[in-house]
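In what follows, chains are A, B, ... by sequence order, proteins preceding strands, each numbered from 1.
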2 protein chains.
Amino acid sequence: MGDTLTERSRQILEAIIEDYIKTAEPVGSRSVTRRHGLTLSPATVRNVMSDLEELGFLASPHTSAGRVPTDKAFRFYVDSLLQVRSIDEEQRDEIRRHYRGQGHDVGEILKETSRILSSISHYIGIVVAPRFTANVFRQIEFVKLCGSRILAILVSESGVVQNRIVESNEGIPSEDLVRMSNYLNNLLKGLTISEVKNRILQEMESDKVRYDELMSRALKLSELTLDEPDAEVFIEGQVNILEQPEFADVDKMKEIFRAFEEKGQLITLLDRCMDAERVNIFIGAENFLNRMNRLSVITAPYASGRNTLGVLGVIGPTRMGYDRVIPIVDYTARMLSELLGSG
Amino acid sequence: MGDTLTERSRQILEAIIEDYIKTAEPVGSRSVTRRHGLTLSPATVRNVMSDLEELGFLASPHTSAGRVPTDKAFRFYVDSLLQVRSIDEEQRDEIRRHYRGQGHDVGEILKETSRILSSISHYIGIVVAPRFTANVFRQIEFVKLCGSRILAILVSESGVVQNRIVESNEGIPSEDLVRMSNYLNNLLKGLTISEVKNRILQEMESDKVRYDELMSRALKLSELTLDEPDAEVFIEGQVNILEQPEFADVDKMKEIFRAFEEKGQLITLLDRCMDAERVNIFIGAENFLNRMNRLSVITAPYASGRNTLGVLGVIGPTRMGYDRVIPIVDYTARMLSELLGSG
DNA sequence: GTTAGCACTCTGAACCTTCGAGTGCTAACC
DNA sequence: GGTTAGCACTCGAAGGTTCAGAGTGCTAAC
């Protein structure tokens, strides 16, 4: 459908988009001829631009103010015009360098990743922590705290840890706790967490458990532990967006920051990219968060082995430098996979 | 020194401060007489205001624009004029309600706490996660991940968990890992984390360890695990600050958000309140973060038993409603202590 | 010591003008 | 028929002017 465009229209559209990405300002017919080596007069360009507006690729803020690419134009640009470069040597090294200094706490790594994404892209970096459900069970441990509190620690294959304090009304002796975790570790070894949940329900119904109090307690405890908290998101570099001229307005800024406070929506958006092969792009209003209708999101999943763990990405203005940012997101995702994966 | 003020000056100063807290605008002599039941003419008030300016309690943005309380005035207000109310029934219930719905993951609780602080105060809620060093060692566990990776999990008395992945060049069999953790758990039981560190160094020097490879490996592993990452801070409700009229200016907003990006500075500030008995207040420039010179911070430590774990607080504009926020911070700190403490 | 009166200052809003960039249309050109 | 020059027109941004309102400081009277 977009392919009804002639070669010349495409060139002009591309020129406009690139100009707009650079300047954040409506592009006029003259600047297109000037900045680009086109041997056309402004008048001709104007005609073409008028057609492009008709087709929904351009919009004019008001009659005398040049034109601005629409979401549709950016979509077309990303799909058909954009040549994704491979990542800059320099940027690659920078990413590497950031990771090198890192300790090995998983949470820290994720946070650092969002920092990397933000500082190299100059936009907002975002990382959704691995969902437990997508993971393979490795081990469960119970630690007795004071009184009747028990700390349950759940470890997945990739080293993600989830811990919570559970209250058990009766005190359970430490030896029993050890036995309980042995029992569970045996029972659940190698299952994915979602399988684990079913398995626990099954097991609770079985006769051998129904009459063994220790086992049934163990199952109950593990059930409590598994009940997953909201996914964690690391967002870094929100200030960067304030540098963008199109948000130099108090109300728009508020709007954006409010959107970021509701992390739930963000998570839903990013979750949808879990199954994507590689890089995924949402342009402007495509992301369905109407508060973010001037922002675009570039995401990529990260994995451990063949197991997708989570999603990371960059949020920037719709007019961001896609050619520059896409490889950054892609490469960072691969690095993170490597770090968390079965190296 | 501030006590050279006459009773009347104090009343007027208080009126001005309260007016300014309400309106965020310079206060003129007429509004003082009008809003307050003072039986004085504006002219008299003007004289007093002039004196107060001389003393450094008031400042005038320009000749014809009323006066604004200085940091010094707010300090005086908080120290001498303010009657801290006890917490609102309603707010107390609201805090309780928030906690009730909560799971028991420690991280989640802390995050929810900062959310509570923010949503009830309408300012910014902030919670510094417990530093490990301030904690009592409870248990260490090693979990074998794929390859040569080992996940080390460190648990403190209060249920705070720290985990990190350590790389050991030689594969260690699981049984050995269990033995190692038994050895360490025994060795380190009941010590605070800072004592633990010394103990490990001592032990590494001792003869019995020097020739036992298992033990010495165990110690090395534990050393790696203990090396503490940066303290974690939970900040919530940054948008609230944008509602404040005095920050309805793009540059000031940027300034503030930048200050929040550098969490290190915030942590240093809050760390200084660890030893405070109860509520602590930094007004305006007193917080030494010059980027935050129009903000005030109200903090309170939270504890488990007699052991101070961390600090939480509220950041708001210097003209915030101290009488309303102080009890909120205080009460929340006590609730959190209760939740984490040895109930 | 307190107050009324008054001249003075400063800001912010409203309004106007001007300038420049850009458009769309028409008519001429290749 | 596509391309271009020319021209009238539109709109917003920037700067200047005016005006009203709020507030001050001073002086003189109470």
Check step by step if side chain to side chain contact (heavy atoms under 4.5 Å, CB included) holds for A:V128 and A:F234. CA-CA 6 Å; A:V128 184; A:F234 300 93; over 6 Å; no
Using a 3.5 Å cut-off and no angle test, enumerate the donor-acceptor pairs between side-chain atoms of residues 236-243 of chain B and protein atoms at least two apart in sequence or in another chain.
unit_1: B:N240; atom_1: ND2; unit_2: B:Y123; atom_2: O; d: 2.9
unit_1: B:E243; atom_1: OE2; unit_2: A:R258; atom_2: NH2; d: 2.4

Report yes or no: does A:Q11 contribute a side-chain atom to a donor-acceptor pair with the main-chain N or O of A:R8 at less than 3.5 Å? no
Is it the case that the side chains of A:Y331 and A:S86 hold a donor-acceptor pair, with the cut-off being a distance below 3.5 Å and no angle test? no
For DNA chain D, consecutive-pair runs of 3 or more (Watson-Crick or G-U wobble, both H-bond-type distances under 3.5 Å) give C:1-30 with D:1-30
Lys/Arg N to Asp/Glu carboxylate O, B:R92 vs B:E89, below 4.0 Å: yes
Could you check how far CG of B:L58 sits from P of D:dG23, rounded to whole Å? 14 Å
Pairs meeting criterion salt bridge (Lys or Arg N to Asp or Glu O under 4.0 Å) with involvement of residues 314-325 of chain A, two or more places apart: A:R85-A:D323, A:E246-A:R319
Pair B:R75 + B:D71, salt bridge at N-O below 4.0 Å: no
Give the rounded distance in Å between these two atoms: CG of B:N47 and C1' of D:dA28. 14 Å
Taking only N and O in the side chain of B:T44, is any of them less than 4.0 Å away from OP1 or OP2 of C:dT2? no
Protein proximity profile, nucleotides 9-24 of chain C - base contact B, sugar-phosphate-only contact S, no contact -, cut-off 4.0 Å on heavy atoms: BBS---------BBBB
Please write out the pairs of protein N or O atoms and N or O atoms of nucleotides 26-30 of chain C separated by less than 3.5 Å, giving the distance to one decimal.
none

CZ (B:R30) with more than 12 external heavy atoms under 6.0 Å: no
Do any pairs count as a salt bridge (Lys or Arg N to Asp or Glu O under 4.0 Å) and have a residue in residues 53-63 of chain B, sequence neighbours left out, and if so which ones? B:E53-B:R67
Given side chain to side chain contact (heavy atoms under 4.5 Å, CB included), test B:F74 with B:F57 step by step and report yes or no. CA-CA 8 Å; B:F74 277 106; B:F57 287 108; over 6 Å; no
